[in-house]
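These numbers come from a predicted model, not from an experiment.
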Amino acid sequence: MAAIADLTNAAGMDDEAILRIANRRQHQCVLELLYQEVLLDVLPHDGREKLVVQHDLEIARHVVGYLVRAEREQVTVEPLPWSQDLSRTGAAEADVRIHQNLSAFAGMLRAVFGPAAGSGLAQVAEVLAAGDRGSGLPWGEIFANRARRNADLAGLALRFGSDKWGARWYTRQYERFFRAYRDRPVRILEIGIGGFQEADRGGASLEMWKRYFPRALVFGIDIEDKRFLETQRLRTFRGNQADPEFLSKVLAETGELDIVIDDGSHFCSDQIKSFEFLFPRLAADGLYVIEDMETSYWPGFGGSSRDFSSPSTGVGYLKEMVDGMNYEAMTSDTSYRRRPTDRSVVGIHFFHSMAIVEKGINEDGGLGAMIPDEVKQQGPRYLMPDYPVPPEFESAQDAASATTPSKKPVTNGSKTATRPLPAAADKPGVSATSGK
């Protein structure tokens, strides 16, 4: 996983950066990662079980060759003897022979691991087609089909059997919020892998995320052992989502996360505990998703269909957070108790059975913070006596004026003036008691 992370980060930079990583990680290892990414999702759809590629790298007028064998969901890379002959013949068993200088090699790595990884595979197809020695594979068509299969989340959910489309309709919301992250080297954690105690089931959503985010490192948490799912961009952990010690160990392995999706136990207490531990450790512009929030209304999961605002339910907990987002606008006599998330939650989006929380810097310092407390308490007529207010507020204004001194300082640019507060009796046709 560390090697993939290095490649995806470097692939967003110049040739020198990506070649430095390739040299440090060694070309043999890098080629193995590259062809695992390129071929293992392609061969099954062409009906082939095996493909052999000879990949020659031209380095300082010498050739370093490798024999790449892709078969049975595995890629192996074998170094060939060093050669000073730039025109040396290919290995007899190779179906495809690729000869590249370092600049072309950097371009191919960028096409697979770089920002255009979703569409850059067309370039890889051209490279493979140019070196094809008669394998009969229509490279352009194969990679175009792969791109189409991975184009949208709904199709990927159906392809891998995820319940996020069909049984649920979550992918519509995911498309909206995840699109901006798609070409980034993100790290995604999903809580709840699925398959329960069956050793060979689950992971449909993890496979979906891996295809949708071609540069992502994908991690999953489950109370069962799901290591059979692991590939070079996918890793699993076994443990309890509400255990902070376990979660701390997970983060030590994953590094900072960009997206967390809670599809775990669905118990409200677990949802809250996971959020309180993971959200503060999320990337500065990260997203936190909680699925299947209908359990907030089910007593068997810690929910309630009577007390809709209980902070012990997932929905009630997030509802309180909406107030926290607006802490700067509250009056001085508020009884609200500040939360650690008040300054880091910039958006909370509720949908049917799910919520998406956006992380950011919630310190706008806008008008809500700058308006004097007296205006918040008494309304706009504190500063502007003739300011029109709805009829139902007239009585409240009259009551406020009865307990307010007749004059208040009003700041107007660099000057300070005093204006009398209007009394209802001063207005023709307005009763001080009726408000009409």
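- R24 and D6 are joined by a salt bridge, as a carboxylate oxygen and a charged side-chain nitrogen come within less than 4.0 angstrom of each other.
- Salt bridge R159/E207: absent, no basic N to carboxylate O contact under 4.0 Å.
- In this structure, Y288 has its ring center closer than 6.0 angstrom to the ring center of F275.
- In this structure, a donor-acceptor pair under 3.5 Å is absent between the side chains of S332 and K376.
- A salt bridge does not link D183 to R215: none of the charged side-chain nitrogens sits closer than 4.0 Å to a carboxylate oxygen.
- With hydrogens and angles left out, the side-chain atoms of D243 and Q241 include no donor and acceptor closer than 3.5 Å.
- Using a 4.0 Å cut-off between charged nitrogen and carboxylate oxygen, K50 and D95 do not count as a salt-bridge pair.
- Taking a cutoff of 4.0 Å between a charged side-chain nitrogen and a carboxylate oxygen, E175 and R182 do not qualify as a salt bridge.
- Partners of D342 according to the salt bridge (charged side-chain N to carboxylate O under 4.0 Å, His left out) rule, which considers only residues two or more places apart in sequence or in another chain, are R338.
- Among pairs with a residue in residues 215-240, none fulfils ring pair (Phe, Tyr, Trp, His ring centres under 6.0 Å), at least two apart in sequence or across chains.
- Heavy-atom neighbours of Q26 CD from other residues, nucleotides or ligands within 6.0 Å: at or below the threshold of 12.
- No donor-acceptor distance shorter than 3.5 angstrom exists from the side chain of D263 to the backbone of G192, with no hydrogens or angles considered.
- Counting heavy-atom neighbours within 6.0 Å of I223 CD1, excluding the residue itself, gives a total of 12 or less.
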message = As a quick check of understanding, evaluate side chain to side chain donor-acceptor pair (under 3.5 Å) for K359 and T341, giving each step before the final call.
response = CA-CA 9 Å; K359 189 172 182 180; T341 53; over 6 Å; no

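- Between the side chains of H99 and Q54, no donor-acceptor pair of N or O atoms lies under 3.5 Å.
- R97 has its side chain out of reach of V53: every pair of non-hydrogen atoms, C-beta onward, lies at least 4.5 Å apart.
- Residues S304 and S310 have side chains that never bring a donor and an acceptor to within less than 3.5 angstrom of each other.
- A salt bridge links R168 to D292: at least one charged side-chain nitrogen sits closer than 4.0 Å to a carboxylate oxygen.
- A 4.5 Å side-chain heavy-atom check between E32 and V68 finds every atom pair outside the cut-off.
- Note on E16 versus R20: salt bridge recorded, some NZ/NE/NH1/NH2 to OD/OE distance being below 4.0 Å.
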inquiry  = Apply side chain to side chain donor-acceptor pair (under 3.5 Å) to residues E58 and Q100 and explain how you reach the verdict.
reply    = CA-CA 6 Å; E58 182 182 330; Q100 291 181 322; over 6 Å; no

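- Counting heavy-atom neighbours within 6.0 Å of R201 CZ, excluding the residue itself, gives a total of 12 or less.
- Y174 pairs with exactly one of W165, W209, Y181 by the ring-ring contact (aromatic ring centres under 6.0 Å, His included) rule, that one being W209.
- Every salt bridge (charged side-chain N to carboxylate O under 4.0 Å, His left out) that D15 has, sequence neighbours left out, goes to R110.
- Inter-residue side-chain proximity for E93 and R69 is flagged as met; some heavy-atom pair is nearer than 4.5 Å.
- With a 6.0 Å cutoff to the six-membered ring centre and a 45° limit on the axis angle, R184 does not count as a cation-pi contact of F213.
- Side-chain N or O atoms of R343 include none that pairs as donor or acceptor with a backbone N or O of E363 at under 3.5 Å.
- With a 4.5 Å cut-off on side-chain heavy atoms, T236 and I221 do not count as touching.
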